[in-house]
Amino acid sequence: MSAAPGALAFVGRLLRRQLTLALRRPVAVLNPLLFFAMVVALFPLGLGPAPDRLAAFAPGILWIIALLANLLSAEMLFRSDFEDGSLEQLLLSPQPLYLSVLAYVLAHWLLTGVLLAAIAPLFAVMLNLPVAALPALVGSLLLGTGVLSFVGSIGASLTVGLRRGGMLIALLVLPFYMPVLIFGAGAVEGALAGLPVAPYLAILGALFSFAAALGPFAIGAGLRISIDA
Amino acid sequence: MWSFFHKLGSPPWLYRIAGVLLRWLLPVSLLALGTGLIWGLLFTAPDFRQGNSYRIIYIHVPAAVVALAGYYVMALAGAVSLIWKMKVADIAMKATAPVGAALTFIALVTGSIWGKPTWGTWWVWDARITSMLILLFLYLGVIALYEAYDNKAAAGRACAVLSLVGTVNIPIIYKSVDWWYSLHQPASIKFTGESTIDPTMLYPLLLSIIAFYGVFTCALLGNMRAEILARETRTGWVRRLAGGEV
Amino acid sequence: MYFDSFKAMLVMDGHGAYVWAAYGLTLLVLSLVLAAPGRRRRRLLRELRGELRRQARHGTKEAAYASGS
(Lines give C-alpha, C1' and ligand atoms only; values in the text may rest on other atoms or scores of the structure.)
Protein backbone atom coordinates (compact mmCIF):
# COMPACT_ATOMS: atom_id res chain seq x y z
CA MET A 1 0.00 0.00 0.00
CA SER A 2 1.43 3.33 -0.95
CA ALA A 3 0.84 6.46 1.06
CA ALA A 4 -2.08 8.71 0.07
CA PRO A 5 -1.01 11.06 -2.72
CA GLY A 6 -0.75 14.80 -2.17
CA ALA A 7 -3.72 16.90 -3.16
CA LEU A 8 -2.29 18.07 -6.48
CA ALA A 9 -1.02 14.64 -7.42
CA PHE A 10 -4.47 13.32 -6.62
CA VAL A 11 -6.11 15.87 -8.87
CA GLY A 12 -3.68 14.92 -11.62
CA ARG A 13 -4.58 11.27 -11.26
CA LEU A 14 -8.30 12.01 -11.18
CA LEU A 15 -8.01 14.12 -14.30
CA ARG A 16 -6.02 11.40 -16.08
CA ARG A 17 -8.60 8.84 -15.00
CA GLN A 18 -11.44 10.90 -16.42
CA LEU A 19 -9.65 11.43 -19.70
CA THR A 20 -8.63 7.78 -19.99
CA LEU A 21 -12.16 6.62 -19.29
CA ALA A 22 -13.50 8.97 -21.92
CA LEU A 23 -10.90 8.08 -24.53
CA ARG A 24 -11.64 4.40 -24.12
CA ARG A 25 -14.93 5.15 -25.82
CA PRO A 26 -13.93 7.57 -28.55
CA VAL A 27 -17.38 7.57 -30.07
CA ALA A 28 -18.75 9.06 -26.88
CA VAL A 29 -16.19 11.85 -27.11
CA LEU A 30 -17.19 12.52 -30.69
CA ASN A 31 -20.92 12.60 -29.90
CA PRO A 32 -21.04 16.31 -28.95
CA LEU A 33 -19.13 17.17 -32.11
CA LEU A 34 -21.53 15.13 -34.20
CA PHE A 35 -24.42 16.87 -32.47
CA PHE A 36 -22.80 20.20 -33.28
CA ALA A 37 -22.47 19.26 -36.95
CA MET A 38 -26.05 18.05 -37.25
CA VAL A 39 -27.62 21.08 -35.62
CA VAL A 40 -25.52 23.35 -37.81
CA ALA A 41 -27.08 21.56 -40.78
CA LEU A 42 -30.56 22.26 -39.41
CA PHE A 43 -30.18 26.02 -39.62
CA PRO A 44 -29.82 26.39 -43.40
CA LEU A 45 -32.78 24.04 -43.74
CA GLY A 46 -34.84 26.15 -41.39
CA LEU A 47 -33.66 29.63 -42.32
CA GLY A 48 -33.00 29.15 -46.02
CA PRO A 49 -29.61 28.82 -47.70
CA ALA A 50 -29.00 32.52 -48.44
CA PRO A 51 -25.30 32.97 -47.54
CA ASP A 52 -25.50 36.53 -46.24
CA ARG A 53 -28.40 35.75 -43.98
CA LEU A 54 -26.65 32.71 -42.55
CA ALA A 55 -23.52 34.81 -42.03
CA ALA A 56 -25.51 37.38 -40.08
CA PHE A 57 -26.94 34.73 -37.78
CA ALA A 58 -23.79 32.60 -37.62
CA PRO A 59 -22.33 33.99 -34.34
CA GLY A 60 -25.54 33.35 -32.45
CA ILE A 61 -26.17 29.99 -34.11
CA LEU A 62 -22.70 28.64 -33.39
CA TRP A 63 -22.79 29.84 -29.82
CA ILE A 64 -26.22 28.41 -29.09
CA ILE A 65 -25.25 25.03 -30.52
CA ALA A 66 -22.04 24.97 -28.49
CA LEU A 67 -24.12 25.78 -25.43
CA LEU A 68 -26.58 22.96 -26.10
CA ALA A 69 -23.81 20.46 -26.84
CA ASN A 70 -22.20 21.41 -23.56
CA LEU A 71 -25.47 21.07 -21.71
CA LEU A 72 -26.21 17.62 -23.11
CA SER A 73 -22.80 16.30 -22.17
CA ALA A 74 -22.83 17.92 -18.72
CA GLU A 75 -25.74 15.72 -17.72
CA MET A 76 -23.58 12.60 -17.98
CA LEU A 77 -20.64 14.09 -16.09
CA PHE A 78 -21.22 12.44 -12.70
CA ARG A 79 -23.76 9.82 -13.76
CA SER A 80 -21.62 6.68 -14.08
CA ASP A 81 -19.47 7.49 -11.04
CA PHE A 82 -22.63 8.07 -9.06
CA GLU A 83 -24.10 4.76 -10.12
CA ASP A 84 -21.03 2.59 -9.44
CA GLY A 85 -20.38 4.25 -6.09
CA SER A 86 -17.00 5.78 -6.85
CA LEU A 87 -18.44 9.24 -6.29
CA GLU A 88 -19.37 8.29 -2.75
CA GLN A 89 -15.83 7.01 -2.21
CA LEU A 90 -14.52 10.33 -3.46
CA LEU A 91 -16.67 12.25 -0.97
CA LEU A 92 -15.47 10.01 1.85
CA SER A 93 -11.81 10.32 0.91
CA PRO A 94 -9.66 12.83 2.80
CA GLN A 95 -8.83 14.73 -0.41
CA PRO A 96 -10.21 18.26 -0.61
CA LEU A 97 -13.47 18.05 -2.53
CA TYR A 98 -12.87 21.44 -4.13
CA LEU A 99 -9.87 20.13 -6.05
CA SER A 100 -11.45 16.81 -6.96
CA VAL A 101 -14.45 18.60 -8.40
CA LEU A 102 -12.08 20.86 -10.30
CA ALA A 103 -10.58 17.78 -11.95
CA TYR A 104 -14.01 16.59 -13.08
CA VAL A 105 -14.93 19.95 -14.55
CA LEU A 106 -11.55 20.37 -16.20
CA ALA A 107 -11.90 16.98 -17.85
CA HIS A 108 -15.37 17.91 -19.09
CA TRP A 109 -14.10 21.19 -20.47
CA LEU A 110 -11.17 19.55 -22.27
CA LEU A 111 -13.40 16.89 -23.80
CA THR A 112 -16.26 19.12 -24.96
CA GLY A 113 -15.45 22.83 -24.84
CA VAL A 114 -11.91 22.72 -26.15
CA LEU A 115 -12.79 20.19 -28.83
CA LEU A 116 -15.80 22.25 -29.89
CA ALA A 117 -13.70 25.40 -30.04
CA ALA A 118 -11.15 23.57 -32.15
CA ILE A 119 -13.69 22.30 -34.64
CA ALA A 120 -15.99 25.35 -34.69
CA PRO A 121 -14.06 27.22 -37.46
CA LEU A 122 -14.98 24.46 -39.89
CA PHE A 123 -18.69 24.93 -39.27
CA ALA A 124 -18.29 28.68 -39.14
CA VAL A 125 -16.97 28.61 -42.68
CA MET A 126 -19.87 26.40 -43.71
CA LEU A 127 -22.23 29.05 -42.33
CA ASN A 128 -20.34 31.67 -44.30
CA LEU A 129 -18.90 33.48 -41.30
CA PRO A 130 -16.04 35.72 -42.52
CA VAL A 131 -12.58 34.41 -41.72
CA ALA A 132 -11.74 37.61 -39.84
CA ALA A 133 -14.17 36.59 -37.08
CA LEU A 134 -12.71 33.12 -36.57
CA PRO A 135 -10.10 34.00 -33.92
CA ALA A 136 -12.82 35.71 -31.87
CA LEU A 137 -15.04 32.64 -32.26
CA VAL A 138 -12.35 30.22 -31.11
CA GLY A 139 -11.18 32.45 -28.28
CA SER A 140 -14.66 33.15 -26.94
CA LEU A 141 -15.63 29.47 -27.20
CA LEU A 142 -12.49 28.39 -25.35
CA LEU A 143 -13.15 30.71 -22.41
CA GLY A 144 -16.95 30.58 -22.52
CA THR A 145 -17.29 26.81 -22.59
CA GLY A 146 -15.15 26.73 -19.46
CA VAL A 147 -17.79 28.79 -17.66
CA LEU A 148 -20.49 26.60 -19.16
CA SER A 149 -18.76 23.47 -17.86
CA PHE A 150 -18.67 24.86 -14.33
CA VAL A 151 -22.29 25.99 -14.36
CA GLY A 152 -23.46 22.81 -16.08
CA SER A 153 -21.66 20.75 -13.46
CA ILE A 154 -23.60 22.53 -10.73
CA GLY A 155 -26.81 21.45 -12.42
CA ALA A 156 -25.44 17.95 -12.95
CA SER A 157 -24.42 17.61 -9.31
CA LEU A 158 -27.91 18.60 -8.13
CA THR A 159 -29.74 16.25 -10.48
CA VAL A 160 -27.43 13.23 -10.64
CA GLY A 161 -29.46 11.30 -8.07
CA LEU A 162 -32.74 11.85 -9.89
CA ARG A 163 -34.05 9.34 -12.34
CA ARG A 164 -35.43 11.92 -14.75
CA GLY A 165 -32.67 14.48 -14.63
CA GLY A 166 -32.30 15.17 -18.34
CA MET A 167 -34.87 17.88 -18.91
CA LEU A 168 -34.54 19.26 -15.42
CA ILE A 169 -30.86 20.11 -15.72
CA ALA A 170 -31.63 22.21 -18.79
CA LEU A 171 -34.27 24.16 -16.87
CA LEU A 172 -31.92 24.76 -13.95
CA VAL A 173 -28.84 25.68 -15.91
CA LEU A 174 -29.95 27.55 -19.03
CA PRO A 175 -30.68 30.85 -17.23
CA PHE A 176 -27.12 30.86 -15.95
CA TYR A 177 -25.80 30.18 -19.45
CA MET A 178 -27.35 33.38 -20.77
CA PRO A 179 -24.61 35.86 -19.78
CA VAL A 180 -22.02 33.62 -21.41
CA LEU A 181 -24.09 33.46 -24.56
CA ILE A 182 -24.45 37.24 -24.61
CA PHE A 183 -20.75 37.95 -24.29
CA GLY A 184 -19.64 35.00 -26.41
CA ALA A 185 -21.87 35.81 -29.36
CA GLY A 186 -21.12 39.48 -28.72
CA ALA A 187 -17.40 38.84 -29.17
CA VAL A 188 -17.95 37.25 -32.58
CA GLU A 189 -20.35 39.99 -33.65
CA GLY A 190 -17.88 42.58 -32.45
CA ALA A 191 -15.17 40.98 -34.54
CA LEU A 192 -17.52 41.06 -37.55
CA ALA A 193 -18.09 44.77 -36.99
CA GLY A 194 -14.36 45.38 -36.72
CA LEU A 195 -14.40 46.20 -33.03
CA PRO A 196 -11.63 45.08 -30.68
CA VAL A 197 -12.36 41.64 -29.28
CA ALA A 198 -10.16 41.86 -26.20
CA PRO A 199 -12.80 43.44 -23.88
CA TYR A 200 -15.25 40.61 -24.58
CA LEU A 201 -12.62 37.99 -23.97
CA ALA A 202 -11.61 39.80 -20.79
CA ILE A 203 -15.19 39.63 -19.50
CA LEU A 204 -15.43 35.95 -20.42
CA GLY A 205 -12.11 35.37 -18.69
CA ALA A 206 -13.41 37.15 -15.60
CA LEU A 207 -16.54 34.97 -15.64
CA PHE A 208 -14.33 31.91 -16.05
CA SER A 209 -12.16 32.80 -13.04
CA PHE A 210 -15.25 33.62 -11.02
CA ALA A 211 -16.87 30.30 -11.92
CA ALA A 212 -13.65 28.42 -11.17
CA ALA A 213 -13.35 30.13 -7.79
CA LEU A 214 -16.92 29.63 -6.55
CA GLY A 215 -18.38 26.91 -8.76
CA PRO A 216 -16.64 23.92 -7.13
CA PHE A 217 -18.16 24.82 -3.75
CA ALA A 218 -21.66 24.65 -5.20
CA ILE A 219 -20.81 21.47 -7.12
CA GLY A 220 -19.40 19.87 -3.97
CA ALA A 221 -22.50 20.82 -1.97
CA GLY A 222 -24.72 19.47 -4.74
CA LEU A 223 -22.85 16.17 -4.84
CA ARG A 224 -23.14 15.76 -1.08
CA ILE A 225 -26.90 16.36 -1.26
CA SER A 226 -27.29 13.88 -4.12
CA ILE A 227 -25.28 11.22 -2.30
CA ASP A 228 -27.22 11.74 0.94
CA ALA A 229 -30.63 11.61 -0.74
CA MET B 1 -32.98 36.14 22.57
CA TRP B 2 -32.04 32.47 22.61
CA SER B 3 -35.50 31.49 23.71
CA PHE B 4 -36.78 33.26 20.61
CA PHE B 5 -34.57 31.11 18.40
CA HIS B 6 -35.67 28.11 20.35
CA LYS B 7 -39.29 28.97 19.76
CA LEU B 8 -38.62 29.42 16.05
CA GLY B 9 -37.81 25.75 15.96
CA SER B 10 -41.20 24.86 17.43
CA PRO B 11 -43.81 24.26 14.69
CA PRO B 12 -46.94 24.82 16.84
CA TRP B 13 -45.63 28.16 18.09
CA LEU B 14 -44.66 29.18 14.57
CA TYR B 15 -48.03 28.11 13.21
CA ARG B 16 -49.86 30.14 15.82
CA ILE B 17 -47.69 33.24 15.60
CA ALA B 18 -47.89 33.25 11.77
CA GLY B 19 -51.67 33.10 12.14
CA VAL B 20 -51.68 36.07 14.54
CA LEU B 21 -49.38 38.08 12.26
CA LEU B 22 -51.52 37.24 9.28
CA ARG B 23 -54.69 38.39 11.04
CA TRP B 24 -53.54 42.01 11.26
CA LEU B 25 -51.09 42.17 8.35
CA LEU B 26 -53.55 40.94 5.73
CA PRO B 27 -56.19 43.67 6.27
CA VAL B 28 -53.49 46.36 6.48
CA SER B 29 -51.86 45.16 3.26
CA LEU B 30 -55.14 44.92 1.41
CA LEU B 31 -56.13 48.39 2.58
CA ALA B 32 -52.79 49.79 1.45
CA LEU B 33 -53.09 47.96 -1.86
CA GLY B 34 -56.60 49.27 -2.45
CA THR B 35 -55.62 52.83 -1.54
CA GLY B 36 -52.45 52.79 -3.62
CA LEU B 37 -54.08 51.32 -6.70
CA ILE B 38 -57.20 53.51 -6.63
CA TRP B 39 -55.05 56.56 -5.99
CA GLY B 40 -52.83 55.73 -8.94
CA LEU B 41 -55.66 54.60 -11.14
CA LEU B 42 -58.12 57.44 -10.60
CA PHE B 43 -56.52 60.36 -8.80
CA THR B 44 -53.29 61.06 -10.67
CA ALA B 45 -52.80 63.00 -13.87
CA PRO B 46 -51.83 60.98 -16.96
CA ASP B 47 -48.23 60.94 -18.13
CA PHE B 48 -47.67 63.61 -20.75
CA ARG B 49 -45.90 61.19 -23.10
CA GLN B 50 -47.67 57.88 -22.56
CA GLY B 51 -51.12 59.05 -21.57
CA ASN B 52 -53.23 56.86 -19.36
CA SER B 53 -51.45 53.61 -20.15
CA TYR B 54 -48.69 54.61 -17.75
CA ARG B 55 -51.09 53.82 -14.89
CA ILE B 56 -49.99 50.20 -15.26
CA ILE B 57 -46.80 51.34 -13.52
CA TYR B 58 -48.61 51.08 -10.17
CA ILE B 59 -48.79 47.31 -10.49
CA HIS B 60 -45.93 46.57 -12.86
CA VAL B 61 -43.12 48.20 -10.89
CA PRO B 62 -44.18 46.96 -7.43
CA ALA B 63 -44.59 43.41 -8.75
CA ALA B 64 -41.16 43.54 -10.37
CA VAL B 65 -39.48 45.02 -7.29
CA VAL B 66 -41.00 42.53 -4.88
CA ALA B 67 -40.42 39.60 -7.24
CA LEU B 68 -36.71 40.36 -7.33
CA ALA B 69 -36.57 40.94 -3.57
CA GLY B 70 -38.44 37.67 -3.13
CA TYR B 71 -35.64 35.77 -4.82
CA TYR B 72 -33.18 37.19 -2.32
CA VAL B 73 -35.52 36.30 0.54
CA MET B 74 -35.68 32.76 -0.81
CA ALA B 75 -31.91 32.52 -1.17
CA LEU B 76 -31.36 33.99 2.30
CA ALA B 77 -33.77 31.48 3.82
CA GLY B 78 -32.00 28.76 1.86
CA ALA B 79 -28.61 29.86 3.19
CA VAL B 80 -29.90 29.91 6.77
CA SER B 81 -31.38 26.44 6.41
CA LEU B 82 -28.14 25.12 4.88
CA ILE B 83 -25.84 26.63 7.50
CA TRP B 84 -27.85 26.38 10.72
CA LYS B 85 -30.21 23.60 9.62
CA MET B 86 -33.19 25.63 10.83
CA LYS B 87 -36.48 24.06 9.86
CA VAL B 88 -38.24 27.44 9.70
CA ALA B 89 -35.83 28.64 7.05
CA ASP B 90 -36.42 25.55 4.96
CA ILE B 91 -40.18 26.04 5.22
CA ALA B 92 -39.85 29.74 4.39
CA MET B 93 -37.74 28.99 1.34
CA LYS B 94 -40.25 26.51 0.00
CA ALA B 95 -43.08 28.94 0.70
CA THR B 96 -41.42 31.83 -1.15
CA ALA B 97 -40.93 30.21 -4.54
CA PRO B 98 -44.54 30.08 -5.79
CA VAL B 99 -45.30 33.61 -4.52
CA GLY B 100 -42.21 35.01 -6.20
CA ALA B 101 -43.04 33.19 -9.40
CA ALA B 102 -46.58 34.61 -9.35
CA LEU B 103 -45.30 38.16 -8.84
CA THR B 104 -42.77 37.73 -11.65
CA PHE B 105 -45.60 36.51 -13.83
CA ILE B 106 -47.65 39.61 -12.96
CA ALA B 107 -44.72 41.87 -13.78
CA LEU B 108 -44.22 40.13 -17.12
CA VAL B 109 -47.86 40.16 -18.18
CA THR B 110 -48.49 43.76 -17.13
CA GLY B 111 -45.26 44.77 -18.85
CA SER B 112 -46.45 43.05 -21.98
CA ILE B 113 -49.89 44.72 -21.81
CA TRP B 114 -48.19 48.06 -21.19
CA GLY B 115 -46.02 47.49 -24.24
CA LYS B 116 -48.96 47.26 -26.62
CA PRO B 117 -50.12 50.92 -26.43
CA THR B 118 -46.59 52.21 -25.79
CA TRP B 119 -44.48 50.34 -28.35
CA GLY B 120 -47.24 48.91 -30.53
CA THR B 121 -46.34 45.26 -29.87
CA TRP B 122 -47.19 42.84 -27.12
CA TRP B 123 -43.63 41.79 -26.59
CA VAL B 124 -40.38 43.65 -26.91
CA TRP B 125 -37.08 42.08 -26.01
CA ASP B 126 -36.15 45.01 -23.88
CA ALA B 127 -33.63 44.68 -21.09
CA ARG B 128 -36.06 44.88 -18.21
CA ILE B 129 -38.65 42.48 -19.62
CA THR B 130 -35.98 40.00 -20.65
CA SER B 131 -34.47 40.09 -17.16
CA MET B 132 -37.90 39.48 -15.66
CA LEU B 133 -38.38 36.52 -17.97
CA ILE B 134 -35.06 35.05 -16.82
CA LEU B 135 -36.10 35.64 -13.21
CA LEU B 136 -39.27 33.66 -13.90
CA PHE B 137 -37.13 30.83 -15.29
CA LEU B 138 -35.00 30.93 -12.14
CA TYR B 139 -38.07 30.63 -9.92
CA LEU B 140 -39.56 27.85 -12.01
CA GLY B 141 -36.23 26.01 -11.93
CA VAL B 142 -36.27 26.04 -8.13
CA ILE B 143 -39.85 24.78 -8.06
CA ALA B 144 -39.11 22.07 -10.62
CA LEU B 145 -36.06 20.91 -8.68
CA TYR B 146 -38.03 20.73 -5.45
CA GLU B 147 -40.77 18.69 -7.06
CA ALA B 148 -38.26 16.32 -8.69
CA TYR B 149 -36.85 15.08 -5.38
CA ASP B 150 -38.78 12.43 -3.47
CA ASN B 151 -36.75 13.05 -0.33
CA LYS B 152 -38.04 16.47 0.73
CA ALA B 153 -35.18 17.20 3.12
CA ALA B 154 -32.73 16.75 0.26
CA ALA B 155 -35.04 18.77 -1.99
CA GLY B 156 -34.83 21.71 0.40
CA ARG B 157 -31.05 21.61 0.50
CA ALA B 158 -30.75 21.24 -3.27
CA CYS B 159 -33.06 24.23 -3.79
CA ALA B 160 -31.06 26.22 -1.26
CA VAL B 161 -27.86 25.60 -3.22
CA LEU B 162 -29.61 26.45 -6.49
CA SER B 163 -31.08 29.68 -5.16
CA LEU B 164 -27.70 30.72 -3.76
CA VAL B 165 -26.12 30.12 -7.15
CA GLY B 166 -28.95 32.19 -8.58
CA THR B 167 -28.31 35.04 -6.17
CA VAL B 168 -24.68 35.21 -7.19
CA ASN B 169 -25.70 35.11 -10.85
CA ILE B 170 -28.60 37.56 -10.86
CA PRO B 171 -26.40 40.69 -10.91
CA ILE B 172 -24.31 39.17 -13.69
CA ILE B 173 -27.40 38.24 -15.67
CA TYR B 174 -28.98 41.67 -15.20
CA LYS B 175 -25.79 43.52 -16.14
CA SER B 176 -25.22 41.35 -19.18
CA VAL B 177 -28.80 41.74 -20.38
CA ASP B 178 -28.54 45.52 -19.90
CA TRP B 179 -25.37 45.59 -21.91
CA TRP B 180 -26.81 43.33 -24.59
CA TYR B 181 -29.86 45.55 -24.92
CA SER B 182 -27.89 48.78 -25.13
CA LEU B 183 -25.92 47.18 -27.97
CA HIS B 184 -28.94 46.02 -29.94
CA GLN B 185 -31.47 48.68 -28.97
CA PRO B 186 -33.65 49.61 -31.92
CA ALA B 187 -33.86 53.36 -32.31
CA SER B 188 -37.65 53.38 -32.60
CA ILE B 189 -38.38 52.42 -29.01
CA LYS B 190 -35.71 54.43 -27.28
CA PHE B 191 -36.96 56.56 -24.44
CA THR B 192 -34.82 59.63 -24.36
CA GLY B 193 -33.72 60.98 -21.04
CA GLU B 194 -34.25 59.70 -17.56
CA SER B 195 -37.70 60.89 -16.73
CA THR B 196 -37.84 62.25 -13.22
CA ILE B 197 -41.10 61.05 -11.79
CA ASP B 198 -43.48 63.67 -10.45
CA PRO B 199 -44.16 63.50 -6.67
CA THR B 200 -47.90 63.22 -7.26
CA MET B 201 -47.15 60.06 -9.22
CA LEU B 202 -44.45 58.87 -6.84
CA TYR B 203 -46.45 58.69 -3.61
CA PRO B 204 -49.09 56.24 -4.83
CA LEU B 205 -46.29 54.21 -6.39
CA LEU B 206 -44.42 54.01 -3.08
CA LEU B 207 -47.61 53.08 -1.25
CA SER B 208 -48.31 50.42 -3.82
CA ILE B 209 -44.78 48.99 -3.47
CA ILE B 210 -45.22 48.77 0.30
CA ALA B 211 -48.60 47.12 -0.22
CA PHE B 212 -47.08 44.53 -2.54
CA TYR B 213 -44.45 43.76 0.07
CA GLY B 214 -47.29 43.29 2.56
CA VAL B 215 -49.22 40.98 0.24
CA PHE B 216 -46.02 39.04 -0.45
CA THR B 217 -45.44 38.59 3.28
CA CYS B 218 -49.04 37.50 3.84
CA ALA B 219 -48.86 34.89 1.09
CA LEU B 220 -45.52 33.75 2.49
CA LEU B 221 -46.93 33.36 6.01
CA GLY B 222 -49.99 31.56 4.71
CA ASN B 223 -47.86 29.17 2.67
CA MET B 224 -45.65 28.55 5.68
CA ARG B 225 -48.66 27.67 7.84
CA ALA B 226 -49.98 25.23 5.26
CA GLU B 227 -46.52 23.72 4.85
CA ILE B 228 -46.08 23.31 8.61
CA LEU B 229 -49.40 21.47 8.79
CA ALA B 230 -48.48 19.25 5.87
CA ARG B 231 -45.18 18.29 7.50
CA GLU B 232 -46.63 17.74 10.95
CA THR B 233 -49.78 15.72 10.23
CA ARG B 234 -48.55 12.84 12.37
CA THR B 235 -48.02 14.94 15.51
CA GLY B 236 -50.38 15.37 18.39
CA TRP B 237 -50.89 19.10 18.17
CA VAL B 238 -52.05 18.98 14.53
CA ARG B 239 -54.43 16.15 15.39
CA ARG B 240 -55.83 18.16 18.27
CA LEU B 241 -56.13 21.14 15.93
CA ALA B 242 -58.02 19.06 13.38
CA GLY B 243 -60.26 17.65 16.07
CA GLY B 244 -60.94 21.10 17.55
CA GLU B 245 -61.94 22.73 14.29
CA VAL B 246 -64.96 20.52 13.63
CA MET C 1 -60.58 62.35 -9.07
CA TYR C 2 -58.90 62.93 -12.39
CA PHE C 3 -61.65 61.66 -14.67
CA ASP C 4 -64.77 63.71 -15.36
CA SER C 5 -67.20 60.84 -15.73
CA PHE C 6 -67.52 57.13 -15.19
CA LYS C 7 -67.32 56.57 -18.92
CA ALA C 8 -64.09 58.55 -19.20
CA MET C 9 -62.71 56.46 -16.40
CA LEU C 10 -63.51 53.26 -18.26
CA VAL C 11 -62.21 54.41 -21.62
CA MET C 12 -59.10 56.32 -20.44
CA ASP C 13 -58.58 57.93 -23.87
CA GLY C 14 -58.40 54.56 -25.57
CA HIS C 15 -56.01 52.97 -23.09
CA GLY C 16 -58.76 51.75 -20.80
CA ALA C 17 -58.81 48.18 -22.08
CA TYR C 18 -55.10 47.74 -21.45
CA VAL C 19 -55.10 49.38 -18.04
CA TRP C 20 -58.17 47.59 -16.75
CA ALA C 21 -57.03 44.26 -18.16
CA ALA C 22 -53.67 44.62 -16.44
CA TYR C 23 -55.29 45.57 -13.12
CA GLY C 24 -57.89 42.83 -13.33
CA LEU C 25 -55.33 40.17 -14.10
CA THR C 26 -53.08 41.35 -11.28
CA LEU C 27 -55.89 41.28 -8.75
CA LEU C 28 -56.93 37.85 -9.97
CA VAL C 29 -53.43 36.41 -9.57
CA LEU C 30 -52.91 38.11 -6.21
CA SER C 31 -56.19 36.78 -4.85
CA LEU C 32 -55.31 33.28 -6.06
CA VAL C 33 -51.91 33.51 -4.40
CA LEU C 34 -53.47 34.74 -1.16
CA ALA C 35 -56.28 32.18 -1.16
CA ALA C 36 -54.21 29.13 -2.08
CA PRO C 37 -52.50 28.53 1.29
CA GLY C 38 -55.78 28.83 3.21
CA ARG C 39 -57.43 26.32 0.91
CA ARG C 40 -54.51 23.91 1.23
CA ARG C 41 -54.54 24.28 5.02
CA ARG C 42 -58.27 23.63 5.27
CA ARG C 43 -58.00 20.64 2.95
CA LEU C 44 -55.24 19.14 5.08
CA LEU C 45 -57.26 19.64 8.25
CA ARG C 46 -60.38 18.19 6.64
CA GLU C 47 -58.52 15.10 5.47
CA LEU C 48 -56.99 14.65 8.89
CA ARG C 49 -60.36 15.05 10.55
CA GLY C 50 -61.84 12.38 8.30
CA GLU C 51 -58.98 10.08 9.17
CA LEU C 52 -59.48 10.69 12.88
CA ARG C 53 -63.19 10.03 12.56
CA ARG C 54 -62.61 6.77 10.70
CA GLN C 55 -60.21 5.71 13.41
CA ALA C 56 -62.71 6.55 16.13
CA ARG C 57 -65.37 4.48 14.38
CA HIS C 58 -63.12 1.44 14.18
CA GLY C 59 -62.57 1.43 17.89
CA THR C 60 -59.96 2.90 20.13
CA LYS C 61 -57.63 -0.09 19.97
CA GLU C 62 -57.15 0.16 16.21
CA ALA C 63 -56.90 3.93 16.41
CA ALA C 64 -54.07 3.63 18.88
CA TYR C 65 -52.44 1.11 16.60
CA ALA C 66 -52.84 3.29 13.49
CA SER C 67 -51.43 6.40 15.07
CA GLY C 68 -48.44 4.41 16.22
CA SER C 69 -48.70 5.31 19.87
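Note: hydrogens, waters and symmetry copies are ignored here, and every other heavy atom, side chains too, is used. No experiment lies behind these values; they were computed from the predicted model shown. Protein chains get the first letters and strands the later ones, always in sequence-line order, with residue 1 at the start of each.
Between B:Ile56 and C:Tyr18, the shortest heavy-atom contact is CD1-O, 4.0 Å. For the pair B:Met93 and B:Gly156, the tightest heavy-atom approach, listed with the atom from each and the gap, is CE-O, 3.3 Å. Closest heavy-atom contact between B:Val238 and B:Thr233: CG1-CA, 4.1 Å.
For residues 88-108 of chain B, the salt bridge (charged side-chain N to carboxylate O under 4.0 Å, His left out) pairs, not counting sequence neighbours, are B:Asp90-B:Arg231, B:Lys94-B:Glu227. Pairs passing the side chain to side chain donor-acceptor pair (under 3.5 Å) check and including a residue from residues 203-214 of chain B, sequence neighbours excluded, do not occur. Screening residues 17-30 of chain C for salt bridge (charged side-chain N to carboxylate O under 4.0 Å, His left out) gives no qualifying pairs among residues at least two apart or on separate chains.
Chosen from C:Arg39, C:Glu51, C:Glu47, the residue pairing most often with chain B at heavy-atom distances under 4.5 Å is C:Glu51. Here B:Leu41 is the residue among B:Leu220, B:Ile38, B:Leu41 with the most heavy-atom pairs under 4.5 Å with chain C. Contact count against chain C (heavy-atom pairs under 4.5 Å) is highest for B:Leu42 among B:Ile228, B:Thr44, B:Leu33, B:Leu42. Interface summary for chain C: among B:Val109, B:Leu37, B:Leu22, B:Val99, the most heavy-atom pairs under 4.5 angstrom belong to B:Leu37. No other option in B:Pro117, B:Gly222, B:Gly236 has as many heavy-atom pairs under 4.5 Å with chain C as B:Pro117. The residue among C:Thr26, C:Leu44, C:Val33 with the most heavy atom pairs within less than 4.5 Å of chain B is C:Thr26.
Neither the backbone nor the side chain of C:Leu32 comes within contact range of chain B; no heavy atom of the residue lies under 4.5 Å from a heavy atom of that chain. Neither the backbone nor the side chain of B:Phe216 comes within contact range of chain C, judged by heavy atoms closer than 4.5 Å. Neither the backbone nor the side chain of B:Leu221 comes within less than 4.5 Å of any heavy atom of chain C.
The backbone N or O of B:Trp122 sits less than 3.5 Å from a side-chain atom of B:Ser112, completing a donor-acceptor pair. Formation of a donor-acceptor pair under 3.5 Å by the B:Arg234 side chain with backbone atoms of B:Arg239 is not found in this model. Of the possible polar contacts, one joining the B:Arg55 side chain to the B:Gly40 backbone as a donor-acceptor pair under 3.5 Å is found.
B:Trp114 has its ring centre no less than 6.0 Å from the ring centre of B:Tyr54.
Near-neighbour residues of residues 60-78 of chain B relative to chain C, defined by a heavy atom under 4.5 Å from a heavy atom of that chain, are none.
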